[in-house]
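Single-structure report; data block below.
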Amino acid sequence: MVKKLDITQGLPDPSKVMDEIMAKYPTKIAKKRQKSLVVNDPAEGKEIQANVRTIPGIITQRGCTYAGCKGVVLGPTRDIINLVHGPIGCSFYAWLTRRNQTRPAEGEDNFITYSFSTDIQDSNIVFGGEAKLKDAVREAFEIFKPKAIGIFSTCPVGLIGDDVHSVSREMKEELGINIFGFSCEGYRGVSQSAGHHIANNGVFKNVIGNNNRDRIGKFQINLLGEYNIGGDAFELERLFDEAGITLLSTFSGNSTIESMEYAHTADLNLIMCHRSINYIAEMMEEKYGIPWVKVSFIGAEGSAKALRKVAEYFDDAELSAKVEEIIEREMTKVEVVREAVKAKTEGKLAMMFVGGSRAHHYQDLFSEIGVTTVSAGYEFAHRDDYEGRDVIPSIKIDADTRNIEDLTVEKDLELYREDLAVKKEKLLKNGYEFSNYDGMMPEMKKNSLVIDDINHWETEKLIEYYKPDIFCAGIKEKYVVQKSGVPLKQLHSYDYGGPYAGFEGAINFYLEMERMLCTRIWKMVTTPWKTDPEIVGSFAINE
Ligand code: CFM
């Protein structure tokens, strides 16, 4: 039996295991890596190194800029053709059939299940690929007659200098639909985070504000940074619907480009994933005066808090009463399951290394069933996602960040909502919080180990040290972790489970954790490399 780490007196100081990790690195690398591993102290507020280049040779969990732009932000939108200009491999791996769900209305376009690519070849690399790109745009238009086409640059396209923006302008003119390009080559930034920023800029410039349609609801909001993994957005739509809150557009789970065009007619923006979409929220406030608030619908408590926050903003007795009614009804159901599961899961340990927001949000769901997060980190978040937005002025702008365009946005004199600015002022005086995110570290326990851009070596050492009951990450980590006898829950694709957002989502998550945390099967796994440290293969052809 593995001896469990004793955390009854608080989390142990992990400095020793950190030293062991560092001892294996060459001095220069250890010096750099050290700044990304932090022993948390919420009272002191420590600084972490984040959003810097991964050291070559290290196996990172990160993805590329193109993945963040095409896959994450634009990918889940169903009525736009997302055309990848590049080799077919980039499209194959960005094919989104696996996880983003969407519900088109009867007869409405849904291109998510397709994969569109220019499939460039060696000859295009030598002689240029713009002609092929134009042909692909015409062909896609001819077959599907979409409302919009987005063109995404991959690494080779940037290297040979194809101009996707001029092609977009020309094709827009020729075909008469909205066509726009993204310079989101994989190498453009240090991770997919750069791709989020590029996507935000493109959507803001080319889509938001294209349709000034009239109001249709009393309380109009947008939900930003919710990508409908495992049907999360469906659960939130159910809650907003019942409360009488009109969700104009979600960026970008279960969404349409059409809805994004009138998103600027909202009264409030809610942000779920701060990392991927805070840029749009900020720009919409500058241009249209729409305030934003950070919420999290991951966890039943967080969901209740978020709904109350919206009700408080609109300050309407009927809405508040409805929201309270929903919370009471849903929480009664949640509590029954939570209590039953917590009795079995209390005291278990979790570790999570995911993306740029889930490593924080899922700690709430775990703590609702008594599971402690001993170590966590993001793949590509920035210091503000760890330490809170108040550190933004002190973040060093390096050459990699400067590489990403920062749009200058001006007030739209016609559409700017002075009434919302006044409302915001008033609420601020009452202590209502806007435009803020406190980050992950202030909410984590003292001595928990926070790591940015963790790698395989560090993962293995930490599993040995903490012996967690569950590890949350993605598909690249899944099997190696499971072979160590620790179950891994994917928080990117949910292992095809979900939804986990909102109240129904919380119930789903508790039950799934009960299954994963309470089975003894993982303790029976013998790590294969303990008995066979070397796997020897041979070619059948030689036998
Ligand atoms: Fe935001 Fe996301 Fe995430 Fe993200 Fe992602 Fe994702 Fe993620 Mo995978 S936008 S930062 S780039 S919540 S794809 S839907 S699950 S790493 S934690």
Side-chain angles (χ1 to χ4, degrees), residues 178 197 200-226 236 240 243-252 255-274 276-295 305-323 384 388-390 392-393 405-438:
N178 196 4
H197 197 164
N200 278 228
N201 288 349
V203 169
F204 190 77
K205 272 197 293 200
N206 300 297
V207 182
I208 295 172
N210 286 357
N211 179 355
N212 296 327
R213 74 166 199 186
D214 293 337
R215 296 187 70 89
I216 55 159
K218 197 167 167 196
F219 316 111
Q220 303 199 138
I221 64 162
N222 297 310
L223 182 57
L224 272 52
E226 163 49 61
L236 305 184
F240 291 136
I245 297 163
T246 307
L247 180 60
L248 292 183
S249 188
T250 300
F251 292 72
S252 51
S255 70
T256 59
I257 248 345
E258 203 179 335
S259 70
M260 292 177 185
E261 291 181 339
Y262 52 73
H264 63 297
T265 62
D267 309 310
L268 177 68
N269 279 329
L270 304 185
I271 295 197
M272 274 280 282
C273 168
H274 172 266
S276 62
I277 207 133
N278 70 86
Y279 319 94
I280 282 186
E282 287 276 289
M283 291 188 286
M284 280 176 87
E285 178 154 17
E286 281 166 45
K287 187 165 178 186
Y288 304 108
I290 306 167
W292 67 267
V293 293
K294 168 79 181 74
V295 294
K305 205 170 138 198
L307 285 176
R308 288 195 175 112
K309 183 123 198 176
V310 178
E312 200 186 334
Y313 176 80
F314 285 111
D315 190 21
D316 176 278
E318 204 182 318
L319 175 64
S320 299
K322 190 69 204 169
V323 160
D384 37 323
R389 274 183 76 91
D390 49 351
I392 290 177
E405 189 190 7
D406 217 356
L407 296 186
T408 323
V409 179
E410 277 171 19
K411 207 168 170 170
D412 184 314
L413 295 176
E414 231 172 276
L415 298 174
Y416 191 86
R417 296 280 303 273
E418 292 294 348
D419 62 323
L420 297 181
V422 172
K423 189 185 198 32
K424 180 175 172 181
E425 269 314 303
K426 203 176 125 206
L427 281 161
L428 274 173
K429 284 201 191 98
N430 298 338
Y432 189 99
E433 201 173 50
F434 286 100
S435 318
N436 191 33
Y437 176 40
D438 287 333

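Everything numeric in this text was worked out from a predicted model, so none of it was measured.
Residues satisfying the salt bridge (Lys or Arg N to Asp or Glu O under 4.0 Å) criterion with K426, sequence neighbours excluded, are absent altogether. Residues satisfying the side-chain contact (heavy atoms from CB on, under 4.5 Å) criterion with K218, sequence neighbours excluded, are D316.
Between F314 and V323 the shortest side-chain heavy-atom distance does not fall below 4.5 Å. Side-chain contact between I221 and L248 is absent, with no heavy-atom pair separated by less than 4.5 Å. Using a 4.5 Å heavy-atom threshold, the side chains of L420 and Y288 count as separate. The closest side-chain heavy-atom distance from H197 to D406 is below 4.5 Å.
Of the possible polar contacts, one joining the T256 side chain to the S259 backbone as a donor-acceptor pair under 3.5 Å is found. Side-chain N or O atoms of N222 include one that pairs as donor or acceptor with a backbone N or O of A263 at under 3.5 Å. K309 places a side-chain N or O within 3.5 Å of a backbone atom of E433 that can act as its donor or acceptor partner. Side chain of K423 to backbone of Y313: a donor-acceptor contact under 3.5 angstrom is found. In this structure, Q220 contributes its side chain and I216 its backbone to a donor-acceptor pair below 3.5 Å.
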(message) Between E418 and K411, is the salt bridge (Lys or Arg N to Asp or Glu O under 4.0 Å) condition met? List the steps.
(response) CA-CA 11 Å; E418 292 294 348; K411 207 168 170 170; 3.4 Å; yes
(message) Show, in sequence, the C-alpha distance, side-chain angles and deciding distance for D267 and R417, and conclude whether the salt bridge (Lys or Arg N to Asp or Glu O under 4.0 Å) test is met.
(response) CA-CA 9 Å; D267 309 310; R417 296 280 303 273; 3.1 Å; yes
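One side chain, H264 or N212, offers a donor N or O that lies under 3.5 Å from an acceptor on the other.
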Compile the donor-acceptor pairs under 3.5 Å between side chains in residues 277-285 and protein atoms, sequence neighbours left out, one pair per line.
from : atom 1 : to   : atom 2 : distance (Å)
N278 : ND2    : H274 : O      : 2.9
Y279 : OH     : R275 : NH2    : 2.8
E282 : OE2    : W292 : NE1    : 2.9
E285 : OE2    : K424 : NZ     : 2.8

